[in-house]
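Below is one structure; the comments refer to it alone.
Bear in mind that the values here come from a model prediction, so they are computed numbers and not experimental data. Numbers here are sequence positions counted from 1. We use all heavy atoms of the structure for the numbers below, so side chains are in, but hydrogens, waters and symmetry mates are not.
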Amino acid sequence: MTRLFRRWVARAVLSVSIVAASVGASYGQDKVVRVGFQKYGKLVLLKSKGSLEQKLKSVGYSVAWTEFPSGPPLLEALNVGAIDFGNTGEAPPIFAQAAGAPIQYVAYEPPAPKGEAILVPKDSPIKSVADLRAKKVALNKGSNVHYLLVKALEKAGVKYSEIEPVFLAPADARAAFERGAVDAWVIWDPFQAAAEAATSARTIADGTGIVANYQFYFASKKFLQTDPKIVELVLAQLSEVDDWAKGDIHAVAEQLAPSIGLSVPVVEVALKRQAYGIKPVTDAVVADQQQVADTFFALGLIPKQIKISDVAWRPGT
């Protein structure tokens with residue numbers, strides 16, 4: 001079994017202590033929705049709006065928010081029962097399901113292929129993905145950009161085994177990228193937009209024509225079975241925020257910029273590459289996600305074949 005998968009499982013143990021401090025207060029309460037979010041995205045907007053709190057209060061619930069640096073630790077927290085709801089990109093749920101996490105896909109956002117990319121320094125001799133052979137490539141392991149890298153290499157005729165992946169979280173990857181410790185960096189927005197603005201990094205490939213770059217929303221199986229109407233309420237509130245966001249990108253950028261420490265123009269660039277619409281999971285989306293799972297299994301990145309349809313929820317079921 002690959003070291004990547006072993007590390008994914010091992011990190012779940014660490015996640016228990018990490019999330020316990022921040023969400024421990026919500027344990028023992030019967031009417032709390034524990035939401036995991038990342039620094040950027042629709043859940044951040046929902047949190048800042050405060051509308052979810054109002055809606056939940058009217059039905060006897062409260063909400064506890066916990067921030068995560070990326071998708072894999074968020075789903076690890078869901079796996080160990082520390083959160084009930086959250087969102088990530090395409091790849092983290094594949095590793096989570098393969099590790100036995102009780103996740104359920106409950107909604108998705110349409111493809112945003114330009115919202116992730118393979119970057120190289122502005123003066124790099126690397127001109128194309130084919131030039132990555134024997135090069136060091138930084139990425140967040142198990143994240144959506146992991147799949148982008150795999151498929152981009154495949155399209156360019158380069159084996160995954162022919163590059164040297166360097167697994168780093170976004171902040172560490174940017175530092176390594178800027179000091180020349182890696183040759184390329186596979187990253188998503190808004191980190192992507194920030195690197196382009198600050199370093200004039202060049203894009204040698206984004207997801208266009210290679211991967212969809214979906215965003216997915218998840219609930220734990222237990223929470224979904226217990227409170228499906230609350231999940232639907234959260235999704236309805238997300239849809240309202242989404243409608244507002246796509247209609248006034250500048251206002252959204254102004255609201256997000258201070259919390260993520262980026263300038264308004266940089267956040268606007270990222271928002272314009274984002275997709276809008278919170279939609280129920282469809283058979284076509286399940287089929288696309290199954291391709292991700294099958295690709296990772298073929299590469300030996302997960303230990304067994306999985307069926308996405310087993311964990312895809314439809315409202316009203």
Side-chain touch D227/D84, heavy atoms, less than 4.5 angstrom: no

Under 3.5 Å: donor-acceptor pair, side chain of D248, backbone of A251: yes

K42/E109 salt bridge by N-O under 4.0 Å criterion: yes

Joint cluster assignment, W244 & L238, ILVMFWY side-chain distance < 4.5 Å: yes

Test log, rule side chain to side chain contact (heavy atoms under 4.5 Å, CB included), inputs F85 and I230: CA-CA 11 Å; F85 187 92; I230 298 303; over 6 Å; no

Candidate list D288, L148, L149, V145, test side-chain contact (heavy atoms from CB on, under 4.5 Å), partner V211, passing option: L148

Nearest-0.5 Å distance that lies between atom CD1 in I103 and atom CG in N79: 9.0 Å

Spacing of CD belonging to E240 relative to CD belonging to Q237, to within rounding of 0.5 Å: 4.5 Å

Geometric class of the F177/W185 ring pair [parallel <30°, tilted 30-60°, perpendicular >60°]: tilted

F216 and Y105 aromatic ring geometry - parallel, tilted or perpendicular at 30°/60° bounds: perpendicular

Gap between atom NZ of K221 and atom OG1 of T226 - 0.5 Å precision: 11.5 Å

Pair L43-Y217, side chain to side chain contact (heavy atoms under 4.5 Å, CB included): steps then yes or no: CA-CA 10 Å; L43 281 172; Y217 293 88; 4.1 Å; yes

Donor-acceptor contact present, side-chain D183 to main-chain K136, <3.5 Å: yes

Nearest heavy atoms of K127 and S124, plus distance in Å: NZ-O, 3.9 Å

From CA spacing to verdict: side chain to side chain contact (heavy atoms under 4.5 Å, CB included), L52, W65: CA-CA 11 Å; L52 181 60; W65 299 90; 3.9 Å; yes

Minimal non-hydrogen separation, I118 against A184, with atom names: CG2-CB, 4.3 Å

Over all atoms of both residues, closest heavy-atom pair of I308 and Q97: CD1-OE1, 3.5 Å

Exam field: side chain R34 to backbone T66, donor-acceptor pair closer than 3.5 Å: no

Check: D242 side chain, Y276 main-chain N or O, donor-acceptor pair, under 3.5 Å: no

Joint hydrophobic cluster, I210 plus L119, side-chain heavy atoms closer than 4.5 Å: yes

Any donor-acceptor N/O pair, D131 side chain to S128 backbone, under 3.5 Å: yes

Note, N144 side chain near T88 side chain (heavy atom, < 4.5 Å): no

Heavy-atom side-chain proximity of K151 to V129 below 4.5 angstrom: no

Straight-line distance of D123 CG to R202 CZ, nearest 0.5 Å: 8.0 Å

Any side-chain heavy-atom pair of V33 and F223 under 4.5 Å: yes

Min side-chain heavy-atom separation L56-K31 under 4.5 Å: no

Close side-chain approach of W313 to V231, heavy-atom, < 4.5 Å: yes

Donor-acceptor under 3.5 Å (Q38 side chain, N87 main chain): yes

Plane angle bin for F191 and W188 - parallel if under 30°, tilted between 30 and 60°, otherwise perpendicular: perpendicular

Distance in Å, R133 CZ paired with I126 CD1, rounded so as to fall on 0.5 Å steps: 12.5 Å

Backbone of E90 reached by a side-chain donor or acceptor of Q289 within 3.5 Å: yes

Closest heavy-atom pair and its distance - A253, V267: CA-CG1, 3.8 Å

CZ-CD1 distance between F297 and I306, expressed to the nearest 0.5 angstrom: 10.5 Å

Step-by-step side chain to side chain contact (heavy atoms under 4.5 Å, CB included) determination, V264 to H250: CA-CA 8 Å; V264 171; H250 182 72; 3.9 Å; yes

Shared hydrophobic cluster for V137 and L299 (ILVMFWY, side-chain gaps under 4.5 Å): yes

E178 with R174: basic N within carboxylate O range, under 4.0 Å: yes

Ring geometry between Y108 and Y214 (parallel below 30°, tilted from 30 to 60°, perpendicular above 60°): perpendicular

V252-V266 co-clustered via ILVMFWY side chain contacts under 4.5 Å: yes

Shortest non-hydrogen contact from V281 toward A107: CG2-N, 3.7 Å

V150 side chain near H146 side chain, heavy-atom distance below 4.5 Å: yes

Any side-chain heavy-atom pair of P165 and L139 under 4.5 Å: yes

K307 atom NZ, neighbour heavy-atom count above 12 within 6.0 Å: no

Qualifying residues under salt bridge (Lys or Arg N to Asp or Glu O under 4.0 Å), relative to E67, sequence neighbours excluded: K39

Distance-only donor-acceptor check, side chains S48 and Q255, under 3.5 Å: yes

Electrostatic pair E196-R273, nearest N-O below 4.0 angstrom: yes

Minimal non-hydrogen separation, D189 against Q192, with atom names: OD1-CB, 3.3 Å

Transitive ILVMFWY side-chain link V63 to V234, under 4.5 Å: yes

